[in-house]
Number of protein chains: 2
Amino acid sequence: MPDLSHGDDAAAVNALRSAVMRLGRRLKHQRVDESLSPTEMSVLGTLARCGSATPGELARKEHVQPPSMTRIVALLEAKGLVRLEPHPDDRRQKVVTSTEQAEAMLEESRRKRNAWLTAVAEGLDEDEWAKLRAAAPVLEKLAHL
Amino acid sequence: MPDLSHGDDAAAVNALRSAVMRLGRRLKHQRVDESLSPTEMSVLGTLARCGSATPGELARKEHVQPPSMTRIVALLEAKGLVRLEPHPDDRRQKVVTSTEQAEAMLEESRRKRNAWLTAVAEGLDEDEWAKLRAAAPVLEKLAHL
DNA sequence: CATTTTCCTTAGCTTAGGTAATGAGTTACG
DNA sequence: CGTAACTCATTACCTAAGCTAAGGAAAATG
């Protein structure tokens, strides 16, 4: 557990927050499927990673309230990107699974995202990119803590 | 300029995108001043860094449309966080400057942000945090490219 | 059983952004 | 010069994506 009370760490924390929020806003504009919101994409990504989940689990994982997830799941189902089945043990819950179509879309969109980030990252040198790549998994862990 | 076409880099890019978007959403909830939106905070940060700017410049820097910046600036002025003066050479434009009150608020809120991020980062070990700290300025540069 | 709790959903609202259209000021060109 | 074209900020209206509050059904608990 790092001690984050030093001036350097405080500065890093500030830089991190500012950069994450600004980058996040720019990423929102780089939708691969114009009709899908960032959170909806994120849900598909989560399902691809975790297999299947109930709406409540998804809401917790995406840090979104249950009613929001209800609408997201309904929309994804209407687009054929997600399948809903009854929960085996609990008739209140449902099980959400991503379809092959969603898989294909995620795979196909990876190239487009890469293209945009590559274009932006052209302003970085090799060393800077190495630092970023080393930090990527950490940032991902942080986002899920 | 790094070559981002390798599999490892593609994976890093994906991790980066996912983490940034998820973290960004969580950061939105950690407002230090409940009445100020993340973008409004970001504008104050930009002004603190760059001194002063016109609404148009701010809109470009924050990747927001001019009408949105008009509203943001008006709100900040109403709160006394920003001062508006006529542009010396161009009577269409205005010059936006942050007040001492805004400076004080930014400084005061730094502790609160640190507290939240520290709490989250307790799940990281020393090595992970070092990687993140090294990447913070790079991420900030990336967000401004 | 009856009560409480949990899970999903429905309904209505809020907020932060965007687009289109306007008006004033500046620049470029005939 | 003076008019045409462009730029900056603004106004008015709209959309998207969340939220809270309230409900209804199923499960857990006494």
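Every heavy atom of this structure was used, including side-chain atoms; hydrogens, water molecules and symmetry mates were not. Naming convention: chains lettered A, B, ... in sequence-line order (proteins, then strands); numbering from 1 in each chain.
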Engineer: Let me know the distance between CE of M41(A) and C1' of dG18(D), rounded to the nearest Å.
Structural biologist: 19 Å

Engineer: When you measure from every atom of DNA chain C, which of residues 78-93 of chain B have a heavy atom less than 4.0 Å away?
Structural biologist: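 Close to the strand are D89(B), D90(B), R91(B), R92(B).
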
Engineer: Report yes or no: do T39(B) and E62(B) form a side-chain donor-acceptor pair below 3.5 Å?
Structural biologist: no

Engineer: Could you tell me how far apart L58(A) (CG) and dC8(C) (P) are, to the nearest whole angstrom?
Structural biologist: 9 Å

Engineer: Reckon S68(B) has a side-chain N or O less than 4.0 Å from the OP1 or OP2 of dG18(C)?
Structural biologist: yes

Engineer: Where the side chain of P55(B) is concerned, which of dT10(D), dA21(D), dT19(C) is the nearest nucleotide?
Structural biologist: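 Side chain of P55(B) sits closest to dT10(D).
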
Engineer: Apply salt bridge (charged side-chain N to carboxylate O under 4.0 Å, His left out) to R60(A) and list each qualifying residue two or more places apart in sequence or on a separate chain.
Structural biologist: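 By the salt bridge (charged side-chain N to carboxylate O under 4.0 Å, His left out) rule, R60(A) matches no residue at all.
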
Engineer: Determine whether the side chains of K79(A) and S35(A) contain a donor N or O and an acceptor N or O closer than 3.5 Å.
Structural biologist: yes

Engineer: Do the charged groups of K141(A) and E128(B) touch, with an N to O distance under 4.0 Å?
Structural biologist: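 Yes, this pair counts.
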
Engineer: Check this one for me: any side-chain N or O of T39(B) less than 4.0 Å away from OP1 or OP2 of dG17(C)?
Structural biologist: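 T39(B) to dG17(C) OP1/OP2: side-chain N or O found under 4.0 Å.
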
Engineer: CD1 of I72(A) versus C1' of dC8(C): gap in Å, rounded?
Structural biologist: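 Spelled out: CD1 on I72(A) to C1' on dC8(C) is 14 Å.
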
Engineer: Is there a side-chain contact between T54(A) and the phosphate of dC7(C), meaning an N or O under 4.0 Å from OP1 or OP2?
Structural biologist: no

Engineer: Categorize P66(B) for me: base, sugar-phosphate, or nothing, with a 4.0 angstrom heavy-atom threshold over every strand shown.
Structural biologist: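 Since a base atom lies under 4.0 Å of P66(B), the category is base.
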
Engineer: Using whole Å, report how far CZ of R71(B) lies from P of dT15(C).
Structural biologist: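 Distance check: R71(B) CZ to dT15(C) P gives 12 Å.
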
Engineer: Grab the CE-P distance between M69(B) and dA16(C) for me, whole Å please.
Structural biologist: 13 Å

Engineer: Whole-Å distance between dG18(D) C1' and L75(A) CG?
Structural biologist: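 Atom CG in L75(A) sits about 14 Å away from atom C1' in dG18(D).
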
Engineer: Using whole Å, report how far CG of L36(A) lies from C1' of dA17(D).
Structural biologist: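 It works out to 13 Å between those atoms.
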
Engineer: Do the side chains of K131(A) and E126(A) get close enough for a salt bridge, i.e. N-O under 4.0 angstrom?
Structural biologist: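 So K131(A) does not pair with E126(A) through a salt bridge.
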
Engineer: Of the nucleotides dA21(D), dT10(D), dA17(D), which has the atom closest to the S37(A) side chain?
Structural biologist: dA17(D)

Engineer: Looking at K94(A) and E77(A), is there a salt bridge between them, counting it only when a charged N and a carboxylate O are closer than 4.0 Å?
Structural biologist: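 Looking at K94(A) together with E77(A), the answer is no, because their closest N to O distance does not fall below 4.0 Å.
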
Engineer: Could you tell me how far apart Q65(B) (CD) and dT10(D) (C1') are, to the nearest whole angstrom?
Structural biologist: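 For the pair Q65(B) CD and dT10(D) C1', the rounded distance is 14 Å.
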
Engineer: Yes or no on side chain to side chain contact (heavy atoms under 4.5 Å, CB included) for E140(A) and L16(B), after CA distance, side-chain angles and deciding distance?
Structural biologist: CA-CA 7 Å; E140(A) 200 170 35; L16(B) 226 52; over 6 Å; no

Engineer: Respond yes when some side-chain nitrogen or oxygen of T70(B) is under 4.0 Å from OP1 or OP2 of dT11(D), and no when none is.
Structural biologist: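 Checking T70(B) against dT11(D): no side-chain N or O falls below 4.0 Å of OP1 or OP2.
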
